[in-house]
Amino acid sequence: MIWSPHWAQRRGSPSPRCPGSAPGLDEAVAAFRDRHLGHIEFPYVYLDATYLHVRSAPAGQVVSMAVIVATGITATGGREILGLDVGDSEDQAFWTAFLTSLKKRGLSGVQLVISDQHTGLVAALRRCFQGTAHQRCRVHFARNLLALVPKTHKDMVAAVFRTIFAQPDAESAAATWDHVRNELAARFPKIAPLMDQAKTEVLAFAHFPRAHWTKIWSNNPLERINKEIKRRARVVGIFPNEAAVIRLVGAVLADAHDEWQVADRRYLSETSMAKLYPERDNEPITALTGGE
């Protein structure tokens, strides 16, 4: 479980079980959200949204709002929470402001962004991270694909689709994608345009080290965090405002961040991360680990 009841006490703040006034916690979460990110490069960045019920002002209606979380893998294979915000997950202006804030805080060295296909997010990525590859979450794409298939054929289509990701290299994955596309489109014509449009982004992972594939081809690494956010949010039910969401979710994320920093193992090995930087002197790492 990510949440530790000792997090707030370590920072001299009350537990975020209640989303009411908690000045000490507000300050701690604000400091965490605004901290500088320029201490290391983050070649992999994950972006995901989960949805909570918030009472909007001034009408006071209860609406569903997206909680946006950004995490990253460092150049040495560690993990960090990078950012948090609340807004409309399909709004380009919102995503642009969020991504710009990460860059202003020092985020650099991004080679691949892993996310779902939110319309506003994709457009914002093209503007804010030009030259950076985008990995469309394969899990979310598979759900979109299966939505076009009759229920009696879903298991078969899912099994055939998974063969793409069992290939040993980028060329084989691309060739298998084309084969699967043609095979499925012959029976389910609506699949063809979806697979044609998504090929480049769903297969972006294949141009990175093979050892990283299972960690970068989907947003699954954020699943545990999102589950914890949902579990904590159920205690509150309906949040009175966006600030209350930031307060509670920020505390959960800060605690997860702390756990990652003291973990015994890196999320990805330092040796495999060195393959992202072939132009750099990586001989000391290779010598220490015996290569890979």
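Only heavy atoms go into these numbers, but all of them, side chains included; no hydrogens, no water, no symmetry mates.
Applying the 6.0 Å contact sphere to CG of Asp155 captures no more than 12 heavy atoms from other residues, nucleotides or ligands. Heavy atoms of other residues, nucleotides or ligands lying less than 6.0 angstrom from CZ of Arg127 number 12 at most.
At distances below 3.5 Å, not a single donor-acceptor pair connects side-chain atoms of Trp260 with backbone N or O atoms of Gly78. One N or O on the side chain of Asn182 and one on the backbone of Asp178 form a donor-acceptor pair closer than 3.5 Å. No donor-acceptor distance shorter than 3.5 angstrom exists from the side chain of Glu270 to the backbone of Thr76, with no hydrogens or angles considered. Under a 3.5 Å cut-off, the side chain of Arg105 and the backbone N or O of Leu82 do form a donor-acceptor pair. In terms of modelled atom types and a separation under 3.5 Å, the side chain of Glu201 and the main chain of His134 share no donor-acceptor contact. No donor-acceptor pair closer than 3.5 Å links the side chain of Ser172 to the backbone N or O of Asp169. Listed for the Lys275 side chain is no donor-acceptor partner under 3.5 Å among the backbone atoms of Pro209. Of the possible donor and acceptor atoms, one in the side chain of Gln261 sits under 3.5 Å from a partner among the backbone N and O of Arg79. Side-chain atoms of Thr100 come within 3.5 Å of backbone N or O of Thr96 as a donor-acceptor pair. Asp116 places no side-chain N or O within donor-acceptor distance of the main-chain N or O of His118, the cut-off being under 3.5 Å.
Rounded to the nearest 0.5 angstrom, Ile238 CD1 and Arg55 CZ are separated by 5.0 Å. Between the CD1 atom in Ile81 and the CG atom in Leu37 there is a gap of 11.5 Å [rounded to 0.5 Å]. With rounding to the nearest 0.5 Å, the separation of CD in Glu41 from CG in Leu276 is 10.0 Å. The CG atom of Leu52 sits 7.5 Å away from atom OG of Ser64, with the distance rounded to the nearest 0.5 Å. Note: Ile191 CD1 to Leu184 CG = 4.5 Å, rounded to the nearest 0.5 Å. In this structure, Leu121 CG and Leu47 CG are separated by 5.5 Å, a value rounded to the nearest 0.5 Å.
For the pair Asp26 and Arg247, the minimum side-chain heavy-atom distance is below 4.5 Å. Put simply, the side chain of His53 does not reach to within 4.5 Å of the side chain of Val63, judged on heavy atoms. At least one side-chain heavy atom of Met156 sits less than 4.5 Å from a side-chain heavy atom of Arg187. A heavy-atom distance below 4.5 Å is not found between the side chains of Trp217 and Cys137. Inter-residue side-chain proximity for Leu107 and Phe42 is flagged as met; some heavy-atom pair is nearer than 4.5 Å. When side chains are defined from C-beta on, Asp85 counts as touching Arg33, because their heavy atoms get closer than 4.5 Å. Put simply, the side chain of Val122 does not reach to within 4.5 Å of the side chain of Trp95, judged on heavy atoms. Between Phe208 and Ile216 there is a side-chain heavy-atom pair separated by less than 4.5 Å.
Phe165 and Leu203 make their closest contact through CE2-CD2, 4.5 Å (heavy atoms, listed as atom of the first residue, atom of the second, distance). Taking all atoms of both residues into account, the shortest heavy-atom contact from Gly83 to Leu102 is CA-CD2, 4.2 Å. Considering all non-hydrogen atoms of both residues, Ala142 and Phe161 come closest at CB-CE2, 3.9 Å. Heavy-atom minimum distance, Ala170 versus Ala206: CB-O, 3.5 Å.
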Should Val202 and Trp177 be marked as a side chain to side chain contact (heavy atoms under 4.5 Å, CB included) after you check the CA-CA gap, both sets of side-chain angles, and the distance that decides it?
CA-CA 10 Å; Val202 178; Trp177 180 284; 3.6 Å; yes
Could you go step by step and tell me if Lys199 and Arg181 meet the side chain to side chain contact (heavy atoms under 4.5 Å, CB included) rule?
CA-CA 10 Å; Lys199 178 181 178 180; Arg181 180 265 187 209; over 6 Å; no
Would you sort out whether Phe129 and Lys103 count as a side chain to side chain contact (heavy atoms under 4.5 Å, CB included), showing the intermediate values?
CA-CA 9 Å; Phe129 286 94; Lys103 294 181 71 173; 3.8 Å; yes
Determine, step by step, whether Ser218 and Phe205 satisfy the side chain to side chain contact (heavy atoms under 4.5 Å, CB included) criterion, reporting the C-alpha distance in whole Å, the side-chain angles of both residues, the deciding distance to 0.1 Å, and the verdict.
CA-CA 9 Å; Ser218 76; Phe205 72 90; over 6 Å; no
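No side-chain donor from either of Tyr267 and Thr74 sits under 3.5 Å from a side-chain acceptor of the other. Side-chain contact, His39 with Glu80: a donor N or O sits under 3.5 Å from an acceptor N or O.
The side-chain tip of Arg136 does not point at the ring of Phe141 from less than 6.0 angstrom away and within 45° of straight on. Cation-pi check for Lys215 over Tyr44 is not met; the charged atom does not lie both under 6.0 angstrom from the ring centroid and within 45 degrees of its normal.
Linking Ile, Leu, Val, Met, Phe, Trp and Tyr residues whenever their side-chain heavy atoms come within less than 4.5 Å leaves Met65 and Phe98 in two separate clusters. In this structure, Leu84 is not a member of the same hydrophobic cluster as Ile68, with clusters built from ILVMFWY side-chain heavy atoms closer than 4.5 Å.
Put simply, the residue from Ile225, Asn219, Asn220, Leu112 that forms a side chain to side chain contact (heavy atoms under 4.5 Å, CB included) with Tyr46 is Asn219. With Glu228 as reference, Arg231 is the one residue of Arg231, Lys230, Arg232 to meet the side-chain hydrogen bond (donor to acceptor under 3.5 Å, both in side chains) rule. Paired with Val45 under the rule side chain to side chain contact (heavy atoms under 4.5 Å, CB included), one option of Thr71, Val110, Leu125 passes, and it is Val110.
Ring to ring, His257 and Phe32 are close: their centroids are under 6.0 angstrom apart.
Glu223 pairs by the salt bridge (Lys or Arg N to Asp or Glu O under 4.0 Å) definition with Lys227, not counting sequence neighbours.
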